[in-house]
Amino acid sequence: MATSETIGEELVRRGISRRALLKYSAYLATLMALPPTASKAIAAALAAARRQSVIWLSFQECTGCTESLTRSFSPTIEDMIFNLISLDYHETLQAVSGAAAEQARLSAMRENRGKYVVVIDGSVSTKDGGVYSTNAGKTNLQVLEETAEHALALISVGTCAAFGGIPHAHPNPTGAVPVSEIITDKPVINISGCPPIPEAMAGTIAYLVTFGKLPDLDHLNRPKAIFGDTIHDRCYRRPFYDKGLFAKGFDDEGARKGWCLYEVGCKGPVTYNACATLKWNGGVSFPIQSGHGCLGCSEPDFWDKGGFYRPLSASTGNPAAVVGGAAAAGIGVGIASALLVRRHKLDANKESKS
Amino acid sequence: MSLLDFARGPALEAAMAVFVFGVCWRMLSLLLLPWARDKSVARAGAPPALLGATRSFVRHLWPPRPLAPGSLFVTVNGYVFHVGLAVIVFGLAQHILFLRGLVGVHWPNLPSGVVSAAAVVTLASLLAALGRRLTNPVLKLISTFNDYFSWFVTVLPVATGLVAVSHLWAPYETLLAVHLLSVALLLIWFPFGKLMHAFLVFLTRTETGIFYSRRGAEI
């Protein structure tokens, strides 16, 4: 596709009808919680827009985020994303390697200075200068700072990039931090999740391309349209929670009847994401529907919140040790104070006798 | 660290430590005090000490007939919020899970609606108790900071828990954190304020029961 070609021209050339574009625009408008009238605006804007230059950087990650995106089952999502954007650099997906790959990144940065979007999956190693994760002789930290300098905006895809994720988990040996801790002078959109819902990313990029601005974000810089409600609020098992009907294990009667998974550690009540509504694998299911509690993977530090199977209302500390120590101290002080009183009494008795 | 992480972790741990330390300290320092030997001769037909103590404890569960009319409200209202608190603490699934994490035992939970109803009744009952304390001249005169603060730290977890379980006004993580912090406050205050009566009541009534039953008095 020629760089001057619009998305509309590209779609026409590939035989994608206007009806298909309108349908997709309506889907995106719904996804991003926009009014129905916005779908026409999205279609018009997409048709007239030039493809957004995107540089995709992969840092300390497992490639699950890319897998999630490229294996999306939603019709045309994957295709549409790659029609909406000009993916100028992506280590996993690009054919070239070595110096040529790096050249592609530098060329994209030069040609789209101030206009390109940087998508990052993975956290950034900072300990010892970031030497624990390098590529092409440069640390992730260097590549991020260099690439972000003239970017329009950054999108942190996945919990690792958004909040540090698993590399950031205690004891965090590489000094992993989220992108937003490194880049503070550019807008950073977080699309968290391990992995994130592919439609969330598609919707966010489409919003950026269409309206040329960031969507409404929550206090963790996540699009409100996707992360506005908790899993619990939209969970089909919610009525069982309200009634106090809980599965006690993964194979008991409650589990078979589809009761609430709160007791087996579900973090749905404190996790903001659209899993319960958009679901996965083309809307087939999501973890809770498959019988496992929500891990809370789209929230910061989900790995260090006391255990996936520990209920939310339980203490995350080590109460046995604390209570045992406190009891021993209390017993010691109690005995000491009683002995002190006894001694005072004995002394008093002696004095009164003498 | 989020507010909820703090509440579920360090705050509850510290509060439990203070609670256990305080209760052990106060109970032992009382139990190990030098006891004066009762040199009186037991009245003929006086029951054994344990029986006397038990009888006294049972008798104290309801005021004596001559005093009943005047103390009916206090007695009934006291039962309402004590039973209500027990239903809330030991009946709600989330609380059972919390206790299971501490002591390893668990039991079937009550339906959430039943516990919520108990919480509403308990709140109303506690408000009524405060109302009486503020309007009764004698009670008002003898009330101290200890009474009001003990009331406050009891009401707070009930109110915040009811709001949290109903998912009202704020995100659940905030409501749950505030509720857990209110429980932490209760635990910290418990051994040093009048809430300690939950333990001391057994000690005082037993001692009183033994003392008077030995002398043939039924109180």
Side-chain angles (χ1 to χ4, degrees), chain A residues 219 229-230 232-233 238 240-246 248 260 262-265 267-272 296 299-301 304-306 310-346 349, chain B residues 1-2 4-5 7-34 91-104 106 108-116 164-167 171-177 179-180 191:
Chain A
H219 69 290
D229 293 317
T230 63
H232 182 71
D233 286 337
R238 173 69 184 267
F240 295 112
Y241 170 88
D242 292 334
K243 287 178 186 169
L245 296 173
F246 301 99
K248 313 285 182 192
C260 178
Y262 188 96
E263 285 203 15
V264 288
K267 303 297 182 294
V270 295
T271 303
Y272 291 79
E299 296 300 315
D301 300 324
D304 287 325
K305 288 188 182 291
R310 189 179 296 213
L312 268 175
S313 60
S315 169
T316 56
N318 184 5
V322 170
V323 168
I331 290 168
V333 174
I335 291 172
S337 62
L339 288 175
L340 212 61
V341 171
R342 282 170 183 265
R343 176 177 288 182
H344 278 303
K345 194 170 182 187
L346 277 175
N349 284 344
Chain B
M1 181 182 281
S2 69
L4 181 58
D5 293 336
R8 289 180 74 202
L12 269 181
E13 263 189 352
M16 282 189 284
V18 172
F19 172 79
V20 172
F21 172 83
V23 169
C24 289
W25 171 30
R26 287 202 65 188
M27 291 300 285
L28 270 177
S29 59
L30 280 173
L31 287 169
L32 297 179
L33 279 177
L92 189 71
Q94 287 87 332
H95 295 164
I96 297 169
L97 294 171
F98 176 77
L99 296 169
R100 186 181 74 181
L102 288 181
V103 291
H106 60 102
N109 62 286
L110 290 169
S112 303
V114 171
V115 182
S116 293
V165 89
S166 311
H167 292 246
Y172 181 72
E173 61 271 27
T174 308
L175 298 174
L176 182 59
H179 177 58
L180 291 173

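In what follows, every chain begins at residue 1, and chains take the letters A, B, ... in the order their sequences are listed. On a predicted model such as this, the values are computed, not experimentally measured, just so you know.
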Quiz item: Where do R100(B) and P311(A) come nearest, in terms of heavy atoms and distance?
Solution: NH2-CG, 4.0 Å
Self-check item: L12(B), part contacting chain A, at a heavy-atom distance under 4.5 Å
Solution: side chain
Practice problem: Please flag which part of K243(A) lies under 4.5 Å from any non-hydrogen atom of chain B: side chain, backbone, both or neither. | Solution: backbone
Quiz item: Tell me, side chain or backbone of H106(B) under 4.5 Å from chain A's heavy atoms, or both, or neither?
Solution: neither
Quiz prompt | Shortest non-hydrogen separation from R8(B) to L312(A) and the atoms involved | solution = NE-O, 2.9 Å
Quiz prompt | Heavy-atom proximity to chain A below 4.5 Å, by part of L33(B) | solution = both
Exercise. Count the heavy-atom pairs under 4.5 Å between each of T271(A), L340(A), D242(A) and chain B, then report the option with the highest count.
Key: D242(A)
Exercise. Indicate the ring-plane relationship of Y241(A) and Y172(B), choosing parallel, tilted or perpendicular according to the 30° and 60° boundaries.
Key: perpendicular
Quiz item: Measuring heavy-atom distances to chain A, does L30(B) have an atom under 4.5 Å in its side chain, in its backbone, in both, or in neither?
Solution: neither
Practice problem: Please report the closest heavy-atom contact between S313(A) and L97(B), naming both atoms and the distance. | Solution: OG-CB, 3.8 Å
Quiz prompt | Engaged part of S2(B) at the chain A interface, taking heavy atoms whose separation is under 4.5 Å | solution = side chain
Quiz prompt | Closest heavy-atom pair and its distance - I335(A), L32(B) | solution = CG1-CD1, 3.7 Å
Self-check item: Largest heavy-atom contact set with chain A, pairs under 4.5 Å, which of G104(B), C24(B), G101(B)
Solution: C24(B)
Quiz prompt | P171(B) versus Y272(A), closest heavy-atom pair with distance | solution = CB-OH, 3.2 Å
Quiz prompt | Best-contacting candidate, A17(B), P34(B), G9(B), against chain A by heavy atom pairs under 4.5 angstrom | solution = P34(B)
Quiz item: What heavy-atom pair brings E173(B) and V270(A) nearest, and what distance separates the two atoms?
Solution: CB-CG1, 3.6 Å
Quiz prompt | Winner by heavy-atom pair count (cut-off under 4.5 Å) against chain B, out of S337(A), A327(A), S315(A) | solution = S315(A)
